[in-house]
Every structure is written in structure tokens, then in C-alpha cells.
Amino acid sequence: MRLSRYFLPVLKENPAEAQIVSHRLMLRAGMIKQATAGIYSWLPLGFKVLRRLEDIVHEEQVRAGHIPMLMPTLQSADLWRESGRYDDYGEEMLRIKDRHGRDMLYGPTNEELITDIFRAHVGSYKDLPLTLYHIQWKFRDEVRPRFGVMRGREFFMKDGYNFDIDQDAAIHAYDRHMVSYLRTYERMGLKAIPMRADSGPIGGDNTHEFLVLAETGESEVFYDRAILDLTLGGRDVDYNDAAQCAAIKEEWTTPYARTDETHDSDLFNAIPAERRMSSRGIEVGQIFYFGTKYSEPMGATVANAEGEKVPVHMGSHGIGVSRLVGAIIEASHDDKGIIWPEAVTPYKVGIVNLKQGDAEADAACEALYKELTAKGLEPLYDDRAERAGAKFATMDLIGLPWRITVGPRGLKNGVVELTSRRSGESEELVPAEAVARLQGIYAGI
RNA sequence: CGGGCUAUAGCGCAGUUUGGUAGCGCGUUCGUCUGGGGGACGAGAGGUCGCAGGUUCGAAUCCUGCUAGCCCGACCA
């Protein structure tokens, strides 16, 4: 993309409405624009990141054997009356009437809808296990939306639902989600810690929240430092192997890690003092096993091997995709702007032409642009007639992890500069080497 | 929902106390110079002063009502 042809309304000054760093940076980098309290338009750059995260979530869900679908945003109140949650959910549910006066709602979650789909079409244990998920906009009418997309009213979320014949099978599904979520966050360049959680209004006993450590997090968290050293790395996971999934869950849930809701100071103080950590965290996902809480009242049953109808065991699992955009920025920025991890960056590399209009600089940039594009290293080429400082400032703000700087000075020696946004370190390379270097960097991502 | 605050050009703000028909910085447009970290000079464009009503010869400014947004708290993927 050529910046002169793009839509990137960056702001030089901090908007008054934004208090926390990710909100400020998303506004300044031209990623979002507030439509009304807690509701945002996603401008091209922000949309690109959002889509990128969505893609990663999809890939990891499919890898775990889960099946994508799409349910609507608007739902009929009838199903929610069946589950009993129409009254329980309270003011956070946005309730609407259609022209016939029928009660509708903008879905804050989809347990009822998915259960309705399940009971209509699945009748036998032979159809299990089944895990369906979708990534869709949700709405919760927060009393006080804030922090930009981190706590908006409208948000984009992956929610998945597993259906299993018994508790053991459902726990396997729970563990599978645990592992797939760990992989998902790791791919995004995030350290997200599973913490024992409170089940809240959704209900159920077995639940973990995934938290990204950040000063601006809404929850206070306590954990054993040992958990920070855990990594899935390139581990080959067989999601059908219940024992392997359980072992990984065990590995990640053995070190103490809890939010203030479930914190137990006796257990915490049993950890060696030097490993006792407390900080703040942003919740970016949660997994639940809730048994037959919905299947029983809503009659979602299957015939077991003996021919008896039994309610299915279910769980639900969510990843806050739009919130993750903010969380990643909270965890990865400096005073100049955002620093995108390679896996989620909107463009893989920025090209800065230091002297737009200079025949050699222009030609070198054009050649690089074509070459990078051909190699799938999607570049953002700043071809505006701006001065160097302005171009650097824009690149730093929007946070592309790599920058190639092209100017007459370097071109005299046939070189361009490849700079890491994170470390600030630069290297002078001939253009072909710079491209090769980037290919290497992005090869495994 | 309790408490506090704000609303003036695309963004950040001054002007409101003491009423006289709106200003600064950034951005933006044009031109010239410049060209390795938000450059300089010159010339422009851009505002129903959140909305409605009232007081007044006259309202951004005073009064009443409303709306929207922000902050703290409670709450929360």
C-alpha cells in the first residue's frame, strides 16, 4: 500500500477523550473512531489488525478440530426465556422490540442459540463430540464503557460451544480449548496466563480466565513467577489425545495464578517469596465447563449407547478479539507509539523514502515495493512529500515492526537501512539482502 | 446507578468571572525555499460557539430545560 493512496488519519496530539495508552494510540494511529459511547468504527489500519487476529483465532480453532459457523447478532427473547436468562441477565442486555412488538435482543453471548441449533439437529451420541464456534459482534450495555475497545459496549468475540456425551469427554474439550487458547495467544506474541476464575452470570464450576499482564489491566492478579517461563513453543500437539491435552493443562494450571476474585492468600504465601508476583491484568479470554446447565432446561439431549436420552454436557469458550487489539498495544508500545508483534502487524514492513521526488530514491523505493509485494512481505510505502522526521514519526506511531529507510546518502553506496521498531537497531544492507532478511524473519510466522 | 467535570474550526485549547457579533497552536490548501527525526517564510480556506427556550438594544458569555461525552466509584468478555 502506498501511503499517499491510503486512508490513515493520524493525529499529532492526544485526543482528550482517551486516557489509557492503547486507546490514545489507536486514535492517534488512525485505527478507530468512536461512533458513540463504547462503540467504534474500525478504520482501515485498525480493521486490518482486527482481521489478522480473527484469522489467527480461526486457524487455531480449526487446528483444534472446532467447526466455524456464524450466528446472528439479533436474537429472539423467547429462547432466553427458556433458559431463564432473559430476566437474570439484567440491564447489560440490550433489549429491542421489532415492529410487531416482539421482544428481541442484541446478543451478549450465544449459549441459547447454539443449544437450539443443537437440539434441532443432533440426536445421537454418535454425532458427538461436537464443538461449534463463531466470531461475531456482541453487545453488552455497559454502564460505563471506557478504555476504548478494551471495554466497549459493542465488541468482536470468538465464542465456541462444545457438546459431549459425558463429563469426561467435556473435560477433554475444556483441555483442548485451554491448549488452543495458549497457542493462539502465543502466536499473537502475547503472554496470556490462565487463572482460576469466577464463573459469573454464565454459571458453572470449571473455568479459567486468560490474562495479559499490563499496568492498565482491570483485574488485580497474583501468580507464581514460574508460570512466566512456560511456553508451548513448537510443541506438536495432538488435540485428539485427551491425555496430552490434560497434561498441558496440568502444566499451566499447577503454578499459582489467580485474579483477586479467587485469590487465596494462604496458598499464595506458600510460594517462595521471590516468586510471588502481583500485578494487573487484562482479561482476553475465558473457558467454562458448565455441564447440563443449558441442555437440561432447553431439552438438548442425545440418545446414548443404551438408547436413553441424556442431556449433553457443554462448555463455552470465548476470546475477546477486539479487546485483544487494545491488550496487545498495552503490552507492546513505547513513548513513540505502537510496536506490533510480527504475527499481527497490519503491514509487515514500512518503506520510508527520505527524498521523495529524487529520481534515484524514488526508483529504489519502487523496486523495493514491487519486490516486497511479490514476496508476500506486504509493505506500506510512505511516498508522501513529507520530510524525513514526519515520516519516521508516523512509522513509529503506527508501529510496523520493520522499516526500510531509503535515501540518497545510502544509495550512493548502494545500501538501504533496515531498522527494528522494537530495538531501534539498524543495519545497512543492499536492497536484496534487506528483502531476504525480512523473508527470514517472517518465514515462521 | 451515586459523585465530579466538560461541550467554541478536523485535533488540542483560550475567550465566559465583568454581555458588544470569535481567537491561538497543530493539521489542511496554494507558492517558494528546504530535504536523514514532526523544517522555514508568504498567502488562503475552514466555526449553526452541543440543542431548545428565556433575559437583553445586543448572548459563546447571564437564566431554565434537554442532549452528548469524559473522569472517580460500584459493575464488567
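In what follows, every heavy atom counts, from backbone to side chain, and hydrogens, waters and symmetry copies are set aside. Keep in mind the model is a prediction, meaning the values are calculated, not measured. Numbered from 1 within each chain, the chains take letters A, B, ... in sequence-line order.
For the pair A:Arg144 and B:rC72, the criterion of a side-chain N or O lying under 4.0 Å from OP1 or OP2 is met. Within the 4.0 Å cut-off from OP1 or OP2 of B:rG38, not a single side-chain nitrogen or oxygen of A:Thr394 is found.
Counting any heavy atom pair closer than 4.0 Å across all strands shown, A:Gly410 reaches a base atom. Backbone-only engagement by A:Gln34 is indicated by non-hydrogen atom pairs under 4.0 Å involving sugar-phosphate atoms exclusively. Within the nucleic acid shown, A:Gly407 comes within 4.0 Å of at least one base atom, counting heavy atoms only. Heavy atoms of A:Asp159 sit nowhere under 4.0 angstrom from any nucleic acid atom. Residue A:Glu142 is in base contact, counting any heavy-atom pair closer than 4.0 Å across all strands shown.
No side-chain heavy atom of A:Tyr174 sits under 4.5 Å from any side-chain heavy atom of A:Cys245.
Note: A:Phe163 and A:Phe118 have parallel aromatic rings, judged against thresholds of 30 and 60 degrees for the angle between ring planes.
In this structure, the aromatic ring of A:Phe392 is not positioned over the six-membered ring of the base of B:rG36 within 5.5 Å between centres and 30° between planes.
Comparing B:rG38 with B:rC57, their C1' atoms are spaced 50 Å from each other, to the whole Å. Across the P atoms, B:rU21 and B:rC26 are found 26 Å apart, a figure rounded to whole Å. B:rC13 and B:rG47 have their C1' atoms separated by 15 Å, given to the nearest Å.
Across all strands shown, B:rA43 forms a Watson-Crick or G-U wobble pair with B:rU29, both key distances being under 3.5 Å. B:rG73 is paired with B:rC1 under the Watson-Crick or G-U wobble criterion, all donor-acceptor distances under 3.5 Å. Under the Watson-Crick or G-U wobble criterion, with both distances below 3.5 Å, B:rC62 is paired with B:rG54. Using N1 to N3 plus N6-O4 or O6-N4 for Watson-Crick, or N1-O2 and O6-N3 for G-U wobble, each under 3.5 Å, B:rU17 pairs with nothing. Remark: B:rG38 base-pairs with no nucleotide in the shown strands. Criterion, Watson-Crick or G-U wobble with two distances under 3.5 Å.
Tested against A:Tyr256 for a side-chain hydrogen bond (donor to acceptor under 3.5 Å, both in side chains), the candidates A:Arg225, A:His263, A:Arg276 yield a single pass: A:His263.
A:Phe147 has its CZ atom 15 Å from the P atom of B:rA77, to the nearest Å.
Here the side chain of A:Glu417 is nearest to one of B:rC71, B:rG37, B:rG36, namely B:rG36. The side chain of A:Glu17 lies closest to B:rC70 when the candidates are B:rC11, B:rC70, B:rG38. Checking B:rG38, B:rA74, B:rG37 against every side-chain atom of A:Lys12, the shortest atom distance belongs to B:rG38. Listed candidates were B:rG73, B:rG36, B:rC13. Nearest to the side chain of A:Ala16 is B:rC13.
A:Glu54 is linked by a salt bridge (charged side-chain N to carboxylate O under 4.0 Å, His left out) to A:Arg51, counting only residues two or more places apart in sequence or in another chain.
The minimum heavy-atom distance linking A:Leu45 with A:Gly30 is given by the pair CB-O, 4.3 Å.
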